[in-house]
Every structure is written in C-alpha cells, then in structure tokens.
There are 2 protein chains.
Amino acid sequence: MNFISRDTDYAIRALVYMAKMAKKKKDIFTVDEIVKEERLPERFLRRILQKLAKKGVLRSYKGKEGGFSLINSPKKITLTDIIKVFQGEVDLTNCFLKGKICPNIRTCALRKKLKGIGRGLDRELRSITIASLL
Amino acid sequence: MNFISRDTDYAIRALVYMAKMAKKKKDIFTVDEIVKEERLPERFLRRILQKLAKKGVLRSYKGKEGGFSLINSPKKITLTDIIKVFQGEVDLTNCFLKGKICPNIRTCALRKKLKGIGRGLDRELRSITIASLL
DNA sequence: ATTAATAATACTATATTGGTATCATTAATA
DNA sequence: TATTAATGATACCAATATAGTATTATTAAT
Ligand code: FES
Ligand code: FES
C-alpha cells in the first residue's frame, strides 16, 4: 500500500526533532545536526528541507550560522501539510482509462464514493500535528 | 497521491461490467468481450482476471466456451478485497529508517495514529461493494 | 482433431522513488 | 576582504514499481 513515501517520512522525523529541540535550545538547525541525530541520508534530507522551506513550512538561513527553523508552531503543522508537499493532494479520485480525461467523471459512482472517503481521510490527517507526535 | 493503481481500477471496471451483465444474460464472460466493451488492454486485463481468479474473486473456465464468472454476489465483493489483490493490505503504517525493521515500532506515536486511521479507511472501503457501483 | 478459451511465465518499456554530486549563493567573522 | 560554513538550484544516477506485451502450455467443447 505504501501510503507515506520516504521523503514524507524523513520530513516528519526532521520536523519532530526540530520541534522537540526548539523547546530547550536555539531554534535554528543545520542539516548536519539533524542528519547526525536522526541518522538520515544527508543530501537527501537537505533536499527535503529545502522543499519544506520553499513550501513555507520552514524558514531557511543561508551562510555561516545558518540553517533551518520552523515557521509555525508544531501545533499548526499537520500531516496533510507535509504529505501535500511531497505526494500531492490527499485525493483518492484519480480516474484512468488510457490516460485520457475520463468522460464519466461527473457521473462515476466510484469517484463519488472515493471523494467522500478521501475527504474524511484528509480531515483525520489534519488532526495529526507535529506537536501531537512529540 | 495515486491511491488506486491501474490494475485495481481495471479490475473494478471488469467486475462492475460482469455484475451488470450477469443480471440479464449468462454469467460467463470472455476476456475478449470485456475488453471490447470496456476498452481495456487485452493482455493486461487477462492477467488481471487471472489474478482475481487465483485469489478467489472469480472462477475461471478453461477451454472452448470458457471464460470467467463471479463467484460471489456483487454485494459481497468490496473495494478492500480488490485493492488487497493488487496493492496489498490497506495499511498506512509502514516505517522506513534505512530499510531496516524499526526499533521504535512499539512506541512510535505516528504509527499508532496512522494505524487507527488506516483501520477507519479500511472500514469505509469495505462498505463500497461492486453492487453499490452499478 | 480442431478450435476457442484460460494458465503460466517471461519479457519490455516507462515512470517513480530514493539518493548522490556539483556548483552557485549567501552571510558571519576573523 | 578573504575565509568559512551554511543553504539553493539542478542535474544526475540507480533501483524499484507500474503498465503493458508476447509466448507457449493447458484445457474443454464440438
Ligand atoms: S470512470 Fe472515470 S471517473 Fe470513474
Ligand atoms: S519510527 Fe518506526 S514505527 Fe515509527
């Protein structure tokens, strides 16, 4: 099934780490520090954090003494947010049929049902915040 | 996000077709007939139906006048059943961390939450039957 | 024996995922 | 202002998964 991809997973780990440490010490973290603590692949995580920065989850500081910091409170960062960054919208309704736009899209019974379920799922994922994972 | 893979999707189409037609005519269908009606790739669908047969969703009849038929009532065939055949268990909790078995697996907060959500999702998918898509 | 169906399995092409490497840019500070 | 230590942007690469095809064997009706 593989619902959560590796970059989402690593992002969560990094964010949880930052949230945990931000309480007791300064709030700017270098990739190296996180990599060392969480034992993640360095270059890969770097790209992940860059993406989070571009999407407004992290703020980045270039140059010496730079790094990444959380922009919002861990209470405000939800799983949906993170998943959206790396895996796109939480939306279960993608119709195939030879790669073309589906003609049934307005009437399709399956689509209708999946849409509802997808919305529910999204709501639940929104209820999981980084803060709730500390 | 891509929740439903193409083989699951094609399987659903084929099963819905069979359920729909089984009402008015004989209940054995050849791959060729389904392919023609639903415009799916022949060899690919053949493999899909074979898999459904092996997993006990369809019965297959070899030889002339053979084909596939539904084993159970369309009311008994759920989305979860079909997804399981092609995409494995509906289970959102797969932990990475360098491909190894995760040591935190018993304590991990994320895992716990995803497990609950996965169960809910599974329940909802179980409520969607082939019959409900007619 | 012929014919029309599925079974099994191997193969191929493309896309996605997971990860690495390189070079540019920025900012602190000695 | 040169050095250094950080991120930014991008291109690249390898492994895996997805989507689909081809081939040959088996089966059963006629
Ligand atoms: S068949 Fe296209 S949306 Fe369902
Ligand atoms: S960190 Fe391994 S199960 Fe969550």
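Note on naming: letters A, B, ... go to the chains in the order of the sequence lines (proteins, then strands), and numbering restarts at 1 for each one. Note that these values count all heavy atoms, side chains included, but never hydrogens, waters or copies made by symmetry. These figures come from a predicted structure and were not determined experimentally.
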Where do N or O atoms of nucleotides 2-6 of chain C meet protein N or O atoms at under 3.5 Å, pair by pair?
from, atom 1, to, atom 2, distance (Å)
dA4(C), N3, K64(B), N, 3.4
dA5(C), N3, G63(B), N, 3.4
dT6(C), OP1, V31(B), N, 2.9
dT6(C), OP2, R46(B), NH1, 2.8
dT6(C), O3', S60(B), OG, 3.3

Less than 4.5 Å apart, side chain to side chain, heavy atoms only: is that true for Y61(A) and F68(A)?
no
Expected output: side-chain Q87(B) to main-chain S5(B) donor-acceptor under 3.5 Å:
yes
Who passes side chain to side chain donor-acceptor pair (under 3.5 Å) against R126(B), sequence neighbours left out?
D122(B)
Atom pair CG/CZ of L92(B) and R119(B) - distance to nearest 0.5 Å
11.0 Å
Quick one: is R47(B) getting a side-chain N or O under 4.0 Å of the dA8(C) phosphate, OP1 or OP2?
no
Value in whole Å for how far the P atom of dA7(C) lies from CZ of R59(B):
12 Å
In terms of side-chain heavy atoms of R43(A), which of dT20(C), dA8(C), dA22(D) is nearest?
dT20(C)
Tell me which residues in residues 77-87 of chain B put a heavy atom below 4.0 Å from DNA chain D, sorted by number, or none.
none
Of the candidate nucleotides dA8(C), dG19(C), dT22(C), which contains the atom at the shortest distance from the side chain of R6(A)?
dG19(C)
Does dA19(D) have its OP1 or OP2 closer than 4.0 Å to a side-chain nitrogen or oxygen of Y10(B)?
no
Is the number of heavy atoms from other residues, nucleotides or ligands under 6.0 Å of E89(B) CD greater than 12?
no
